[in-house]
J.: 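Take a look at the following structure, please.
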Amino acid sequence: MRSVTYSMNVSLDGYIVGPDGDFNWTEPDEEVFRSWIDEIREVGIHLLGRRLYETMLYWETADQDPALDDSRLEWAAIWKRLPKVVFSTTLSAVQGNARLASGGLAEEIKRLRNEPGQGDIAIGGATLAAEAAESGLIDEYRARVYPVLVGGGIPFFPRRERRVDLELVETRTFKTGVVYVRYRVAH
């Protein structure tokens, strides 16, 4: 069965976006960016909320930017091919290899887990991840923790009403001080 993963950059104080909506502190160096490329290669389909979808739209045409280096071009090629499902109540159309979700998140994940396919089901965006977490649908949490305190904003983890035990699967420290942690939900 395909795993559902939630992976984002996060400040040390637990936010994916600061109080002013800024996330420029997450600009990865080559080593961290390469880790994102390695991770996205393992993804079979990506579920996104509207805000993250709109942020990631850049990558649909980024291959036309002559200033991009080889690793950014590699990311763009992988992202462009990757099937995406966008959850939005305000969008009427999406671009590239994406489709609007026709049902709820839990139904979509159940359907995707039951269909044949390679790779993980990745969830992007805190709001969507919070809904999946509340329903117990996330199998792994992956965070690249940046050495910065942003003081508020959109939290990586939603407020929870129940405890979830996790098992450490992997850690990695990058030269810039970013620390990657990967946890599997303990069953």
J.: I want to know whether Phe87 and Tyr53 have ring centres closer than 6.0 Å.
T.: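 Aromatic pair excluded; centres sit 6.0 Å or further apart.
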J.: Do you know which two heavy atoms are closest between Trp25 and Ile16, and how far apart they sit?
T.: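 Nearest heavy atoms, Trp25 then Ile16: CZ2-O, 3.7 Å.
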J.: Would you say the side chains of Ser35 and Arg172 form a donor-acceptor pair under 3.5 Å?
T.: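 The criterion, which ignores hydrogens and geometry beyond distance, is not satisfied for Arg172 and Ser35.
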J.: Apply the test side chain to side chain contact (heavy atoms under 4.5 Å, CB included) to residues Thr173 and Thr171: give CA-CA distance (whole Å), side-chain angles for both, the deciding distance (0.1 Å), then the verdict.
T.: CA-CA 7 Å; Thr173 303; Thr171 64; over 6 Å; no
J.: Take the angle between the ring planes of Trp75 and Phe33 and call it parallel below 30°, perpendicular above 60°, tilted in between.
T.: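 The arrangement is tilted - the two ring planes meet at 30° to 60°.
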J.: Show the numbers, then the answer: is there a salt bridge (Lys or Arg N to Asp or Glu O under 4.0 Å) between Arg111 and Glu107?
T.: CA-CA 6 Å; Arg111 189 182 64 71; Glu107 295 80 22; over 6 Å; no
J.: With sequence neighbours left out, write down each residue that passes salt bridge (Lys or Arg N to Asp or Glu O under 4.0 Å) with Arg142, or none if nothing qualifies.
T.: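 If we apply the salt bridge (Lys or Arg N to Asp or Glu O under 4.0 Å) test to Arg142, skipping adjacent residues, the hits are Glu39, Asp120, Glu140.
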J.: At their closest point, which heavy atom of Ile138 faces which heavy atom of Val185, and how far apart are they?
T.: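 Looks like O-CG2, 3.1 Å.
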J.: Go through it in stages, so that I can follow the logic: the residues are Leu112 and Leu47, the test is side chain to side chain contact (heavy atoms under 4.5 Å, CB included), and I'd like the CA-CA distance, side-chain angles, deciding distance and then a yes or no.
T.: CA-CA 11 Å; Leu112 290 169; Leu47 312 180; 3.8 Å; yes
J.: If you count the non-hydrogen atoms of other residues, nucleotides and ligands that lie under 6.0 Å from CG in Asp70, is the total more than 12?
T.: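 Atom CG in Asp70 is not crowded, with 12 or fewer foreign heavy atoms closer than 6.0 Å.
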J.: Just do the ring-ring contact (aromatic ring centres under 6.0 Å, His included) check on Tyr15 and Phe23 with the steps written out, would you?
T.: CA-CA 9 Å; Tyr15 298 95; Phe23 55 93; over 10 Å; no
J.: Donor-acceptor pair, Arg113 side chain versus Arg2 backbone, under 3.5 Å?
T.: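 Looks like yes, one N/O pair under 3.5 Å.
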J.: Fit a plane to each ring of Tyr6 and Tyr141, take the angle between them on a 0 to 90° scale, and name the class: parallel (under 30°), tilted (30 to 60°) or perpendicular (over 60°).
T.: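 Judged by the thresholds at 30° and 60°, the geometry between Tyr6 and Tyr141 is perpendicular.
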J.: Going by the salt bridge (Lys or Arg N to Asp or Glu O under 4.0 Å) test, name the single residue among Glu167, Glu42, Glu170 that passes it with Arg182.
T.: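 Of the listed options, the one satisfying the test is Glu170.
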J.: Looking at Lys80 and Asp63, is any side-chain nitrogen of the basic one under 4.0 Å from a carboxylate oxygen of the acidic one?
T.: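 Yes, charged N to carboxylate O under 4.0 Å.
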J.: Applying side chain to side chain contact (heavy atoms under 4.5 Å, CB included) to Tyr58 and Asp65, what does each step give before you reach the verdict?
T.: CA-CA 10 Å; Tyr58 165 79; Asp65 183 347; 3.4 Å; yes
J.: Test: ring-ring contact (aromatic ring centres under 6.0 Å, His included). Region: residues 167-187. Which pairs qualify, not counting sequence neighbours?
T.: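 Every candidate ring-ring contact (aromatic ring centres under 6.0 Å, His included) pair involving residues 167-187 fails, so no pair, neighbours aside, qualifies.
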J.: Check side chain to side chain donor-acceptor pair (under 3.5 Å) between Arg81 and all other residues, then give those that pass, not counting sequence neighbours.
T.: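 Listed in chain order: nothing, the list is empty.
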J.: Please give me the minimum heavy-atom distance between Pro155 and Ala126, naming the atom from each residue.
T.: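 Residues Pro155 and Ala126, closest heavy atoms: O-CB, 3.5 Å.
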J.: Checking side chain to side chain contact (heavy atoms under 4.5 Å, CB included) between Val86 and each of Leu91, Leu52, Leu128, which is the one that passes?
T.: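 When side chain to side chain contact (heavy atoms under 4.5 Å, CB included) is applied between Val86 and each of Leu91, Leu52, Leu128, only Leu91 qualifies.
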J.: List for me each residue that meets side chain to side chain donor-acceptor pair (under 3.5 Å) alongside Ser71, sequence neighbours excluded, and say none if there are none.
T.: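 Once residues adjacent in sequence are excluded, the partners of Ser71 under the side chain to side chain donor-acceptor pair (under 3.5 Å) criterion are Glu30, Asp69.
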J.: Taking only residues two or more places apart in sequence or in another chain, which ones pass side-chain contact (heavy atoms from CB on, under 4.5 Å) with Thr89?
T.: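 Once residues adjacent in sequence are excluded, Thr89 has no partner under the side-chain contact (heavy atoms from CB on, under 4.5 Å) criterion.
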J.: Does some side-chain heavy atom of Ile123 sit less than 4.5 Å from a side-chain heavy atom of Ile109?
T.: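 When only atoms from C-beta onward are counted, Ile123 and Ile109 do touch, with a gap below 4.5 Å.
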J.: Name the one of Asp139, Val169, Leu168 that satisfies side chain to side chain contact (heavy atoms under 4.5 Å, CB included) with Arg184?
T.: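 Option passing the side chain to side chain contact (heavy atoms under 4.5 Å, CB included) with Arg184: Val169.
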J.: Quick one: does any side-chain atom of Glu31 pair with a main-chain N or O of Lys175 as donor and acceptor, under 3.5 Å?
T.: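 Yes, because the side chain of Glu31 sits within donor-acceptor range (under 3.5 Å) of the backbone of Lys175.
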J.: Give the minimum heavy-atom separation between Trp59 and Arg72, together with the two atoms involved.
T.: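 Smallest interatomic distance, heavy atoms only, reads CZ3-O, 3.5 Å.
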J.: Closest heavy-atom contact between Pro19 and Val150?
T.: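 Residues Pro19 and Val150, closest heavy atoms: CD-O, 3.3 Å.
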J.: After noting the C-alpha distance and the side-chain angles of Arg34 and Glu74, does the key distance pass the side chain to side chain contact (heavy atoms under 4.5 Å, CB included) rule?
T.: CA-CA 10 Å; Arg34 176 66 41 199; Glu74 183 179 355; 2.9 Å; yes
J.: Of all the heavy-atom pairs spanning Thr90 and Ser88, show the shortest one and how long it is.
T.: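 Closest heavy-atom pair between Thr90 and Ser88: N-OG, 3.0 Å.
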J.: Among residues at least two apart in sequence or on other chains, which ones pass salt bridge (Lys or Arg N to Asp or Glu O under 4.0 Å) with Glu131?
T.: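 None.
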J.: Can you find a pair of side-chain heavy atoms, one from Thr127 and one from Arg51, that are under 4.5 Å apart?
T.: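 In short, these two side chains touch, coming nearer than 4.5 Å.
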